Amino acid sequence: MKNTIRQVFHSPKFVVGFVIFALMLLMVIIYPIISPGDPLQMISKGSFLKPGVYFSVYDSINTNSKTIDLPEANQKRLANKLSDTDKVSMVQWLTAAGVPAEDIDMEDTTSLIKLWNEKYDPTVKPEGMTMAQRNFYKRLDKSLDNILNEQPLVVSAQNQETQTLDEIKRISDTDYVNLKDVPNVKVLPLGTDNFGDDVLKKLVSATKTSLLIGLIAGSIATLIGLTLGLLAGYLGGFIDDFIMFITNLFTVIPSFVLLILISYSIGQDKRGASTVAIVIGITSWVWTTRSVRSQVISLRNRDHVNLSKLSGHSLTSIIIKDILPYIASYVVMAFILQISTAILAEASLSMIGLGPKTADVSTLGLMMDWAMSYSAHLNGAWWAYFPVILVIALISFSLNLMNTGLDQVFNPTLRD
């Protein structure tokens with residue numbers, strides 16, 4: 001046994017797949033401890049908040065500020081406030097006014113504004129420009145003046161006695177606060193989704209649920225396939241014919257179609273994560289049965305099996321002691337593939353609205369369904385769906401890599 005384990009962990013493919021899968025399991029276990037709370041709790045009233053660090057503006061106003069004069073602060077402020085549409089409009093006016101295109105750098109906000117201040121003249125009427133367009137540029141120029149000549153912001157509070165606004169603080173563009181002094185800070189590494197939930201926290205919870213579904217479904221499918229395959233392969237005759245008839249019947253009907261029909265018939269209210277896992281498990285055993293049967297047929301007439309028969313050992317004893325150990329490695333590989341297949345099946349079901357109840361749990365498939373339903377891909381909210389795709393790909397890749405590594409260890413024809 002020790003030698004077998006040593007051989008397995010000497011396989012580079014198995015080790016890489018095992019490390020990736022182990023890291024994901026550690027993330028699922030450790031992150032909820034670091035960041036406890038309900039993953040389905042709505043923390044944002046706005047949908048698809050960008051990843052970043054968010055702090056309370058209200059609390060920051062009441063925090064003691066320090067004066068810091070950064071040379072690049074104004075440039076960054078201008079670049080942030082001036083939209084790409086405004087930059088394009090400025091370039092169009094400058095070009096129409098006769099400024100050579102090579103003298104205009106739209107990427108350098110500071111030089112663009114400097115060139116605009118030098119060249120823009122509201123009295124100039126570029127050829128082909130309507131009055132409405134000229135009025136637009138006048139408003140744009142006024143907006144730029146306001147940005148360049150910003151006055152300190154005045155924070156006021158209502159006086160309860162006089163019912164007037166009393167000034168309590170002035171905030172200039174050189175006032176900074178230390179983030180550690182702000183009592184309410186929220187780090188959102190992956191932002192929020194369409195419901196305003198923390199995507200990273202929901203992703204960890206969804207990964208845990210999907211892995212659990214894969215484990216349950218994989219166990220059920222492997223157990224059914226192993227049992228039927230052992231009986232059909234060892235007993236043969238009528239039992240073999242009957243089992244293969246059932247197996248062929250399930251083979252003719254695509255398993256995913258059968259999965260859809262069963263899931264739909266159960267109903268949304270009764271479809272929990274465990275129910276979906278069981279449904280996936282009882283529709284995914286066919287190829288395991290056929291593969292185990294073929295392996296057992298090649299073993300049932302071996303000398304050690306015949307010796308056990310002559311010794312009067314029971315059917316159960318022969319299967320467990322004389323046949324099962326020889327196909328144990330194959331069963332493990334089948335189990336790994338069943339887990340991967342079940343996770344992908346759940347994701348596919350959830351994408352068409354037949355996954356677990358959305359109010360109870362989050363799964364990787366449900367997160368993809370929510371992201372697509374609320375057009376995250378059209379809104380540029382990549383953090384709502386790309387990490388989910390990456391996690392599904394990593395799980396599938398790691399499990400298949402582990403299976404390939406095991407196959408190279410236990411299959412003599414694939415050994416180097």
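One is the number of the first residue; the rest follow in order along the sequence. For clarity, every value in this text was computed on a predicted model and none was experimentally measured.
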Tell me if a side-chain donor or acceptor on [X] pairs with a main-chain N or O of [Y] at a distance below 3.5 Å.
X: Ser210; Y: Ile343; result: no
X: Asp197; Y: Asp193; result: no
X: Arg300; Y: Gly233; result: yes
X: Ser398; Y: Ile395; result: yes
X: Arg290; Y: Thr247; result: no
X: Asn379; Y: Ser375; result: yes

Practice task
Can you run down the side-chain hydrogen bond (donor to acceptor under 3.5 Å, both in side chains) pairs that involve residues 15-34, sequence neighbours left out, and say none if there aren't any?
Solution key: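 Of all non-adjacent pairs touching residues 15-34, none passes side-chain hydrogen bond (donor to acceptor under 3.5 Å, both in side chains).
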
Problem - Contact list for residues 88-98, test side-chain hydrogen bond (donor to acceptor under 3.5 Å, both in side chains), sequence neighbours left out - result: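 Qualifying pairs, neighbours excluded: none.
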
So do [Y] and [X] actually touch side chain to side chain, heavy atoms under 4.5 Å?
X: Ile318; Y: Tyr234; result: yes
X: Phe18; Y: Val15; result: no
X: Met368; Y: Tyr385; result: yes
X: Ser56; Y: Pro183; result: no
X: Val57; Y: Ser60; result: yes
X: Pro32; Y: Val204; result: yes
X: Leu399; Y: Asn403; result: no
X: Leu259; Y: Ile280; result: yes

Exercise for the section: List the steps, then state whether side-chain contact (heavy atoms from CB on, under 4.5 Å) holds for Phe48 with Asn194. Expected result: CA-CA 5 Å; Phe48 298 127; Asn194 52 289; 3.6 Å; yes

How about [X] and [Y]: does a side-chain donor come under 3.5 Å of a side-chain acceptor?
X: Thr174; Y: Ser172; answer: yes
X: Asp141; Y: Trp116; answer: yes
X: Ser291; Y: Gln295; answer: no
X: Thr363; Y: Glu346; answer: yes

Handout entry: Whether Phe238 and Phe242 hold their rings parallel, tilted or perpendicular, with breakpoints at 30° and 60°
Key =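 Rings of Phe238 and Phe242: parallel, under 30°.
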
Where is the tightest heavy-atom contact between [X] and [Y], given as atom of each residue plus distance?
X: Leu190; Y: Pro51; value: C-CG, 3.8 Å
X: Ser11; Y: Gly405; value: OG-CA, 3.4 Å
X: Ala273; Y: Ile213; value: O-CG1, 3.7 Å
X: Met367; Y: Ala206; value: SD-CB, 3.7 Å
X: Thr192; Y: Leu49; value: OG1-N, 2.9 Å
X: Lys169; Y: Thr63; value: NZ-O, 3.2 Å

Hey, could you give me the [atom1]/[atom2] distance between [X] and [Y], rounded to the nearest 0.5 Å?
X: Ile336; Y: Thr341; atom1: CD1; atom2: OG1; result: 11.5 Å
X: Ile339; Y: Leu212; atom1: CD1; atom2: CG; result: 11.0 Å
X: Thr222; Y: Leu337; atom1: OG1; atom2: CG; result: 9.0 Å
X: Lys13; Y: Leu406; atom1: NZ; atom2: CG; result: 12.0 Å

For [X], the option from [options] that meets side chain to side chain contact (heavy atoms under 4.5 Å, CB included):
X: Leu230; options: Ile320, Val296, Thr289, Leu235; answer: Val296
X: Leu188; options: Val53, Ile43, Leu200, Val199; answer: Ile43
X: Ile262; options: Leu354, Ile278, Val279, Val276; answer: Val279

Handout entry: More than 12 heavy atoms from other groups under 6.0 Å of OH on Tyr54
Key =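 Check passes, neighbour count above 12.
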
Exercise for the section: Verify the neighbour count for atom OH of Tyr176: are there more than 12 heavy atoms of other residues, nucleotides or ligands below 6.0 Å? Expected result: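 Atom OH in Tyr176 is crowded, with more than 12 foreign heavy atoms closer than 6.0 Å.
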
Problem - Salt-bridge present (Asp175, Lys66; N to O < 4.0 Å) - result: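 Looking at Lys66 together with Asp175, the answer is no, because their closest N to O distance does not fall below 4.0 Å.
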
Scan for ring-ring contact (aromatic ring centres under 6.0 Å, His included) pairs involving [range], sequence neighbours excluded, and state none if there are none.
range: residues 192-222; result: Phe195-Trp370, Phe195-Tyr374
range: residues 58-82; result: none
range: residues 275-300; result: Phe250-Trp285
range: residues 322-355; result: His304-Tyr326

Handout entry: Residue list, side chain to side chain donor-acceptor pair (under 3.5 Å) with Thr288, at least two apart or on another chain
Key =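 Gln338.
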
Taking side chain to side chain contact (heavy atoms under 4.5 Å, CB included) as the definition, give me every residue that meets it alongside [X], ordered by chain and number, with sequence neighbours left out.
X: Val99; value: Leu94, Asp103, Ile104, Leu115, Lys119
X: Ser298; value: none
X: Ser294; value: none
X: Ala347; value: Ile392

Practice task
Take Leu228 and Ile224, measure what side-chain contact (heavy atoms from CB on, under 4.5 Å) needs, and give me the verdict at the end.
Solution key: CA-CA 6 Å; Leu228 295 179; Ile224 295 174; 3.8 Å; yes

Practice task
Run the numbers on Tyr120 and Lys138 for side-chain contact (heavy atoms from CB on, under 4.5 Å), then give the verdict.
Solution key: CA-CA 9 Å; Tyr120 179 73; Lys138 289 178 182 178; 3.5 Å; yes

Practice task
Go through the structure and list residues passing salt bridge (charged side-chain N to carboxylate O under 4.0 Å, His left out) with Arg293, not counting sequence neighbours.
Solution key: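 Residues passing salt bridge (charged side-chain N to carboxylate O under 4.0 Å, His left out) with Arg293: Asp240.
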
Handout entry: side-chain contact (heavy atoms from CB on, under 4.5 Å) between Phe55 and Asn184, worked out
Key = CA-CA 6 Å; Phe55 62 91; Asn184 293 302; over 6 Å; no

